[in-house]
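Reviewing the structure listed below.
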Amino acid sequence: MVFILLWYISAACEYSVDFSECHEATIAALITPKDCNEKKPWVIQNLPCDHQCPAGEHLDINITTSTLTCKPCQENTYNIGGGITINSWNLHRHDFSSFCYVLEGKSWKRGANCTSWHASSDEILISGTTDINNWYATDLYLFPYLVKPGKLKLIYRREVSGLGDFFIYVDNFLQYIDMKNPSYDWFTVDIPLECGRHDIQISFINYVTEKISEIAIKEIQIRGTEYADYKCLPCGKGKSTKGADQCLHCEMGSYLDKNECKKCPYGTTSLPGSGNILDCYKLKNCTELDYHYYFSECKDEKKTKIYEWNYPLMCDNNGINLPDMHDIDCGGCPLGEFYNETHCEYCKTGSYIVDSNPGKECLECSAGKYSPKILAFNDWSEIPDQFRTWCMSAENTICSFGWESRGTFIVTSPLYEPGSSIYLETTVEFVEEGSYFSYTFSKSSEANFIVYADGQVKDSFQNEALGSSQHSLSPGNHTLKWLCKHSSILSEHCSLSGIFFHGTRHGGSAACVSCKDGLISKGNQQMCTPCPAGFTSNSNHTLCIPCPSGMFSKGSSKCSQCPPFTIPDKNSEFCTLPDLLTINNKTFQTQKLRGKIGNASDYCKEDRMLKYCYGTFFGPSLHKENLFYVSFANPSEIKMPNYAKVSNMNAYAFGIFPKSSLTLTEIEYLELEDICSEAHNKILVNLGSELSLVNTTNLGFVLEYSNGDHCDKYKKFTTRIEFLCDKYDKEGWPFFSHENGCEISFIWPTIHACKFCSDNDLVVHKGECKDGKREVHYYESENCVFANNTKFVKEIEKCEEKSVIRSWPFLVLAIVSVVLIILASVVLVWIFKIKRTIVLTQAKLSSRSSAGPEE
Ligand SMILES: *[C@@H]1O[C@H](CO)[C@@H](O)[C@H](O)[C@H]1NC(C)=O
Ligand SMILES: *[C@@H]1O[C@H](CO)[C@@H](O)[C@H](O)[C@H]1NC(C)=O
Ligand SMILES: *[C@@H]1O[C@H](CO)[C@@H](O)[C@H](O)[C@H]1NC(C)=O
Ligand SMILES: *[C@@H]1O[C@H](CO)[C@@H](O)[C@H](O)[C@H]1NC(C)=O
Ligand SMILES: *[C@@H]1O[C@H](CO)[C@@H](O)[C@H](O)[C@H]1NC(C)=O
Ligand SMILES: *[C@@H]1O[C@H](CO)[C@@H](O)[C@H](O)[C@H]1NC(C)=O
Ligand SMILES: *[C@@H]1O[C@H](CO)[C@@H](O)[C@H](O)[C@H]1NC(C)=O
Ligand SMILES: *[C@@H]1O[C@H](CO)[C@@H](O)[C@H](O)[C@H]1NC(C)=O
Ligand SMILES: *[C@@H]1O[C@H](CO)[C@@H](O)[C@H](O)[C@H]1NC(C)=O
Ligand SMILES: *[C@@H]1O[C@H](CO)[C@@H](O)[C@H](O)[C@H]1NC(C)=O
């Protein structure tokens with residue numbers, strides 16, 4: 001009776017159970033009846049803490065016996081049976097510690113310029129990195145204490161292109177190693193752990209290159225740190241069956257059964273995330289959209305059109321027949337291929353094919369011409385080996401399918417899970433200047449079609465239903481990727497019918513074209529052979545011939561005339577200045593400042609100049625963070641292997657700039673990567689590979705160097721140097737003056753910018769005539785020099801010593817004196833005469849008067 005009553009109570013009432021914390025090896029349980037009016041909550045004490053429950057079950061109370069039991073988790077809930085789950089990397093940041101190291105010399109240096117394991121998002125922990133061309137390591141440590149035997153469970157993934165070694169150590173013993181797992185899928189590692197304290201070390205070691213290489217960890221579980229879980233957790237993503245220790249998200253066409261995804265029975269399918277066999281539904285009958293055709297090999301100029309069901313087949317083809325196969329004409333092979341009896345094959349290097357119908361052969365490409373190679377893909381009876389295809393679901397897990405071949409095109413199946421991304425990728429080596437790739441696509445309205453070259457988006461189609469596109473590529477290896485991103489709507493698809501690469505290293509040729517000027521071919525060549533500097537091709541492009549006199553070539557090019565007033569060097573490789581530069585009737589002595597071609601300036605051979613010259617260049621001349629090296633019309637190769645550089649051209653001037661100060665386009669940046677780390681944030685830039693202008697100025701002359709490295713998308717660097725006549729500066733110095741867009745200007749005061757004095761420029765000073773001779777000094781005026789470096793020229797001049805008497809001032813003076821004397825004497829005589837008359841008269845008068853009265 002009591003038993004029945006108890007059974008009745010327990011059957012009628014629901015209880016919720018809450019456990020206390022473990023205290024002195026015991027816990028208490030609070031039982032709260034639900035929906036039973038008769039019962040009040042009660043507590044059961046002194047229950048042992050160490051009652052164990054396995055994963056998928058939680059601790060419970062047998063009300064009948066008041067003892068601890070374990071109870072399986074309900075559907076769509078789970079637990080790990082007592083442990084730690086780290087899958088929110090922000091939340092659990094403090095549960096682990098991580099370090100990174102860089103190999104310097106022979107020792108690993110901790111915390112050098114590197115990032116350690118870190119959260120890339122809340123869901124993902126990724127290994128870090130350091131500067132490229134370095135060995136790098138990162139460690140993550142966990143120190144769990146297990147109260148019952150458990151395990152370490154870790155879910156990780158490796159980047160597709162990634163190298164590097166992934167290790168897991170437990171208590172300093174290597175337990176897991178992944179040297180190179182090519183899969184992009186999430187991978188689960190299970191390592192059993194004994195009771196007690198453990199030292200878990202998760203390491204990644206890698207030689208860092210420009211390729212992304214990393215390990216992404218989605219989740220780390222340590223099971224066994226608790227005796228049991230008190231509760232089960234609801235599934236986040238996915239579903240679970242009763243008693244599960246995890247939740248699973250099953251792909252389309254499968255369902256969850258006993259904690260495993262199983263395929264639906266034949267003829268049925270299911271929606272993604274299905275949790276029961278009952279979710280598998282009968283497939284619709286197949287239609288003509290569910291099969292495609294391909295062609296057999298060509299035999300007797302006929303090939304067979306064969307139909308086959310699509311893969312994956314998501315329809316019921318029971319009782320439905322494919323159309324009958326039938327024969328048609330073979331038609332031509334893809335571009336650059338010929339029929340070798342039954343199948344298409346590339347023409348051999350140096351030969352080409354225009355008409356690729358059966359029976360036609362590849363033709364020899366004659367001397368002076370070449371046959372550039374192409375790779376054409378429009379036969380899609382299978383995904384060619386060069387291509388990789390894969391698919392990622394919206395949840396970032398790998399799905400089972402990729403781009404599927406349909407004989408004459410490839411598609412992403414409309415049956416794929418909504419939101420999935422389907423990739424097609426290949427790496428192709430291009431050798432031609434002016435290489436390109438092109439493709440033709442179509443897609444359903446909501447799908448997003450994106451095309452990448454070397455990780456950069458080249459095309460993104462959202463609204464277009466079909467189209468084609470072409471992009472040029474520089475020579476080198478390029479990774480091209482086509483992505484079809486299905487929207488959240490069901491039944492999306494993209495298709496690609498033709499992919500075409502032009503200018504590749506491998507493949508066949510469909511053309512025989514003339515070599516460009518400066519390049520030659522002996523016939524049957526894939527590429528023309530460049531003529532060296534100083535040479536160009538003959539008109540037939542069969543031989544390299546030297547440039548005609550007065551002209552130059554930098555190699556692989558036509559010969560060009562040197563600009564006015566400049567001359568080619570003796571090998572006709574570039575232009576320079578003559579030893580005596582004469583422009584507009586002004587002559588300058590340039591030889592000493594320039595030095596011999598290819599050798600340093602004569603001044604640079606003096607000890608005092610040791611630090612101010614570098615090969616044929618004067619420098620470094622500083623401006624802000626930039627260093628400049630400038631030659632005087634004497635170009636040479638820049639030999640500074642420590643710096644990244646853009647080109648290998650000879651330079652008349654170059655600069656070393658911080659990389660960040662340049663606005664080079666991405667492709668140009670890619671070329672600079674092979675470098676030594678110490679100078680790695682600087683880049684060496686050619687500021688002029690051609691001497692393009694010489695002209696006089698009022699105070700000297702000006703030189704311009706052009707055609708340096710790319711400065712921005714359209715322009716190249718040029719250098720302008722204004723030489724100022726400065727008699728007190730021998731070699732002088734190139735001072736940075738200003739920068740105008742891509743033109744860098746210098747001012748260079750030097751005596752070599754002073755013209756030779758002409759007769760009009762002289763200052764003359766004549767000496768006295770002595771013994772029929774005198775000295776005349778000719779001095780340089782302020783802005784000219786004598787060619788021979790004397791400051792003045794002394795010349796002796798003949799002269800006559802003329803007598804004083806005959807000189808006209810003397811004569812005039814003499815005549816004037818005579819006239820004056822005559823005049824004076826006349827006046828004197830006259831005055832004397834008058835005076836005498838007066839005296840006589842007075843004498844006469846006085847004698848007359850004295851006689852008078854006396855008389
Ligand atoms: C409780 O324990 C008794 C006796 O062991 C057992 O018969 C009963 O089935 C248990 N009840 C539950 C719910 O496990
Ligand atoms: C980190 O890099 C900078 C420049 O890139 C360098 O100056 C510094 O010395 C480096 N630090 C260490 C610890 O290597
Ligand atoms: C599918 O095909 C079968 C036989 O081929 C036919 O009996 C059935 O009616 C078809 N179902 C539909 C929905 O057309
Ligand atoms: C055609 O293929 C056969 C073998 O498949 C090969 O031996 C032969 O050289 C090929 N012919 C040409 C012209 O390439
Ligand atoms: C391109 O890749 C191939 C194979 O990896 C390699 O042999 C070749 O040297 C590479 N070419 C260039 C220009 O890097
Ligand atoms: C170019 O080819 C033609 C015909 O083959 C030949 O007559 C001529 O001499 C060649 N010219 C040179 C410069 O080789
Ligand atoms: C150079 O000098 C000559 C005569 O000496 C004269 O005829 C000519 O005009 C001058 N040219 C210039 C550009 O001054
Ligand atoms: C350049 O200088 C080197 C040694 O300094 C010498 O051997 C070489 O002959 C010189 N070249 C020329 C063209 O003068
Ligand atoms: C050289 O300079 C003169 C005067 O400055 C100018 O008239 C002339 O156009 C310049 N020549 C060139 C080629 O720039
Ligand atoms: C120096 O040059 C001037 C004219 O340029 C010439 O008259 C003189 O004779 C030269 N002197 C010597 C020592 O060569």
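Values below: all heavy atoms of this structure, side chains included; hydrogens, waters and symmetry mates excluded. Just so you know, ligand 1 is whichever comes first in the structure, and atom 1 is the first atom listed for that ligand. Throughout, numbering of the chain's residues begins at 1 and tracks the sequence.
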**Request:** Quick one: look at E345 and ligand 4, take heavy-atom pairs under 4.0 Å, and tell me if it's side chain, backbone, both or neither.
**Result:**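 The answer is the side chain of E345.
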
**Message:** Below a 4.0 angstrom heavy-atom separation, can you tell me which part of F338, side chain or backbone, both or neither, approaches ligand 4?
**Reply:**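 The part of F338 near ligand 4 is the side chain, not the backbone.
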
**Prompt:** Is K305 close enough and on-axis enough to Y293, meaning under 6.0 Å and within 45°, for cation-pi?
**Reply:**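 Yes.
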
**Asked** Checking R594 side chain against L577 main chain: does a donor-acceptor pair fall under 3.5 Å?
**Response**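 Yes; at least one donor-acceptor contact below 3.5 Å.
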
**Prompt:** Under 3.5 Å, is there a donor-acceptor pair between the side chain of S601 and the main chain of K592?
**Reply:**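 Looks like yes, one N/O pair under 3.5 Å.
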
**Item:** Closest heavy-atom pair and its distance - G275, K239
**Value:**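 Smallest interatomic distance, heavy atoms only, reads CA-CD, 3.9 Å.
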
**Message:** For S371 versus Y352, what's the shortest heavy-atom pair and its separation?
**Reply:**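 Here S371 and Y352 meet closest at CB-CB, 4.2 Å.
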
**Prompt:** Contact residues of ligand 1 with a heavy-atom cut-off of under 4.0 Å?
**Reply:**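 Ligand 1 is contacted, at a heavy-atom distance under 4.0 Å, by N62, T64, T65.
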
**Asked** With a cut-off of 6.0 Å (strictly less than), are more than 12 heavy atoms of other residues, nucleotides or ligands near NZ of K586?
**Response**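 Yes, NZ of K586 has more than 12 neighbouring heavy atoms, counting only those of other groups under 6.0 Å.
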
**Request:** Salt-bridge test for R505 and E429: reply yes if a basic N is under 4.0 Å from a carboxylate O, no otherwise.
**Result:**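 Salt bridge between R505 and E429, a charged N being under 4.0 Å from a carboxylate O: yes.
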
